[in-house]
Amino acid sequence: MRIATWNVNSVRARRDHMHAWLAAEQPDVVCLQETKVVDADFPHDAVAAAGYRAVVSGQKSYNGVAVLARGDLDLADPVTDLPGFDDPQRRYLAVTVGGLRVVNVYVPNGSAVGSDKYAYKLAWLAHLADHLAAALADHPRLLLTGDFNIAPADRDVHDPEAWRDQVLCSAPERAAFHALEALGLVDLFRALHPDDPGFSWWDYRLQAFRRDRGLRIDLVLVSAALLAHGRACRIDRTPRTWDKPSDHAPVVASFDLDG
DNA sequence: ATGGTCGTTGGACGA
């Protein structure tokens with residue numbers, strides 16, 4: 001079982017990239033973020049042409065998440081909202097697929113430390129942690145993935161000094177991330193690759209990708225029951241090299257669920 | 001140098 005996460009930065013602008021990458025990589029499940037499209041306009045035809053079906057939770061212009069699965073996999077029990085957190089922004093989509101509870105998140109960016117959006121980000125993360133404590137009790141095999149908009153530690157940052165206390169790297173954001181780890185969730189890429197920066201996002205500006213000035217903010221967290229089956233996790237930079245790319249690269253996690 | 005580049009829009013705003 002291979003599960004991917006990819007912030008596509010508009011599923012319509014990235015329609016051809018998405019189709020090409022699905023056809024080449026053929027993961028079993030793909031969690032998308034920043035689809036930026038209402039559900040009625042989601043490109044289900046492009047997804048189907050690659051052999052996938054999609055469950056979506058979108059909105060106009062901003063945010064939006066979707067979970068794709070290969071056509072032979074059932075997408076069951078979708079939930080589109082964080083329980084107890086009334087929020088019109090479409091950032092959360094949980095679904096059961098292949099015996100796993102897959103929770104796809106587009107964590108708020110936070111804009112700048114101290115801003116209203118930053119406060120919303122921390123509140124959103126606190127509600128996520130509260131919810132996951134209960135979800136983990138119901139679903140021992142749980143996978144939490146998406147664009148976390150947090151670089152968990154300095155080793156996830158190309159220039160830690162330049163990013164010190166900036167949004168995506170500030171101590172309160174990292175504390176919110178550690179609260180997720182305290183629930184028993186493990187950052188799979190970091191567990192398997194202690195010394196690889198594993199950048200997954202590069203700013204469009206100043207040729208950041210060419211200079212590899214990136215951050216690792218697209219993550220796959222797994223419960224203990226799932227960690228035992230984790231075999232690989234890699235960042236696929238290939239689509240980031242294509243013309244008119246998303247600013248994020250896909251991350252692919254592999255599991256041996258029979259082992 | 002307080003910039004820069006995208007996507008969605010149809011002028012800024014968000015990232």
Side-chain angles (χ1 to χ4, degrees), chain A residues 5-21 31-43 46-47 54 56-66 87-93 104-125 128 145-152 156-159 161-170 172-174 176-177 198-219 235-251:
Chain A
T5 182
W6 191 10
N7 180 325
V8 290
N9 186 16
S10 170
V11 75
R12 288 181 291 182
R14 227 62 65 198
R15 178 194 175 96
D16 292 346
H17 282 201
M18 182 177 70
H19 181 274
W21 187 77
C31 295
L32 303 178
Q33 303 87 37
E34 284 205 89
T35 54
K36 297 188 173 180
V37 66
V38 296
D39 293 355
D41 293 334
F42 189 90
V47 168
V56 302
S57 180
Q59 68 178 88
K60 179 180 168 64
S61 302
Y62 302 111
N63 309 313
V65 285
D87 186 1
Q89 300 190 31
R90 303 292 81 195
R91 301 180 173 279
Y92 176 93
L93 179 56
N104 178 22
V105 293
Y106 175 47
V107 175
N109 173 280
S111 185
V113 173
S115 67
D116 289 348
K117 291 188 176 68
Y118 182 80
Y120 163 71
K121 178 180 195 174
L122 295 180
W124 196 95
L125 286 163
L128 177 67
T145 190
D147 177 358
F148 283 71
N149 270 314
I150 300 171
D156 305 307
V157 181
H158 67 89
D159 185 347
E161 290 312 315
W163 281 87
R164 178 104 30 231
D165 297 328
Q166 301 299 306
V167 75
L168 311 188
C169 296
S170 72
E173 291 166 89
R174 287 177 170 175
F177 180 77
F199 301 148
S200 64
W201 170 80
W202 303 260
D203 197 294
Y204 282 123
R205 296 165 287 188
L206 299 173
Q207 304 186 77
F209 181 65
R210 186 185 62 74
R211 300 157 68 193
D212 200 18
R213 298 175 63 83
L215 268 61
R216 191 175 71 92
I217 59 176
D218 299 276
L219 310 174
I235 321 298
D236 186 357
R237 295 184 174 216
T238 305
R240 191 62 175 81
T241 70
W242 294 344
D243 188 48
K244 294 279 183 185
S246 169
D247 44 351
H248 295 252
V251 180

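In what follows, every chain begins at residue 1, and chains take the letters A, B, ... in the order their sequences are listed.
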Rounded to whole angstroms, how far apart are CH2 on A:W242 and P on B:dC6? 18 Å

Report yes if some heavy atom in the side chain of A:D212 is under 4.5 Å from a heavy atom in the side chain of A:H158; otherwise report no. no

B:dC13 P sits how many Å from A:K36 NZ, rounded? 15 Å

Side chain of A:L206, heavy atoms from C-beta onward: which of B:dG4, B:dC6, B:dA15 has the nearest atom to it? B:dG4

Can you measure A:R12 atom CZ to B:dT8 atom P for me and round it to whole angstrom units? 6 Å

Is the A:H248 ring parallel, tilted or perpendicular to the A:W201 ring (thresholds 30°, 60°)? tilted

Which residue, A:L219, A:V251, A:T5, forms the side-chain contact (heavy atoms from CB on, under 4.5 Å) with A:T145? A:T5

A:R205 CZ to B:dG4 C1': how many Å, rounded? 6 Å

Closest nucleotide of DNA chain B for A:D203 versus for A:K60: which of these residues is on the 5' side? A:D203

Whole Å only: how far is the NE2 atom of A:H248 from the P atom of B:dT5? 18 Å

Atom pair distance, as rounded to whole Å: CD in A:Q166 and P in B:dT2: 16 Å

Closest to the 5' end of DNA chain B, once A:S246 and A:N63 are matched to their nearest nucleotides, is A:S246

Quick one: A:E34 CD to B:dT8 C1', roughly how many Å, whole number? 11 Å

Would you say B:dG14 has OP1 or OP2 under 4.0 Å from some side-chain N or O of A:K117? yes

Enter the distance from A:R211:CZ to A:D159:CG here, rounded to the nearest 0.5 Å. 10.5 Å

Would you say that A:R14 contacts A:W242 through its side chain, given a criterion of any heavy-atom pair below 4.5 Å between the two side chains? no

Of the candidate nucleotides B:dT8, B:dG7, B:dT5, which contains the atom at the shortest distance from the side chain of A:R14? B:dG7

Rounded to whole Å, OH of A:Y62 lies from P of B:dC6 at a distance of 18 Å

Suppose you measure atom C1' in B:dA1 against the same atom in B:dG10; what distance do you get, rounded to whole Å? 30 Å

When we call it a touch if two heavy atoms are under 4.0 Å apart, what does A:F209 touch: a base, just sugar-phosphate, or nothing? nothing

Just compare B:dT5, B:dA15, B:dG14 and give me whichever is closest to any side-chain atom of A:Y106. B:dA15

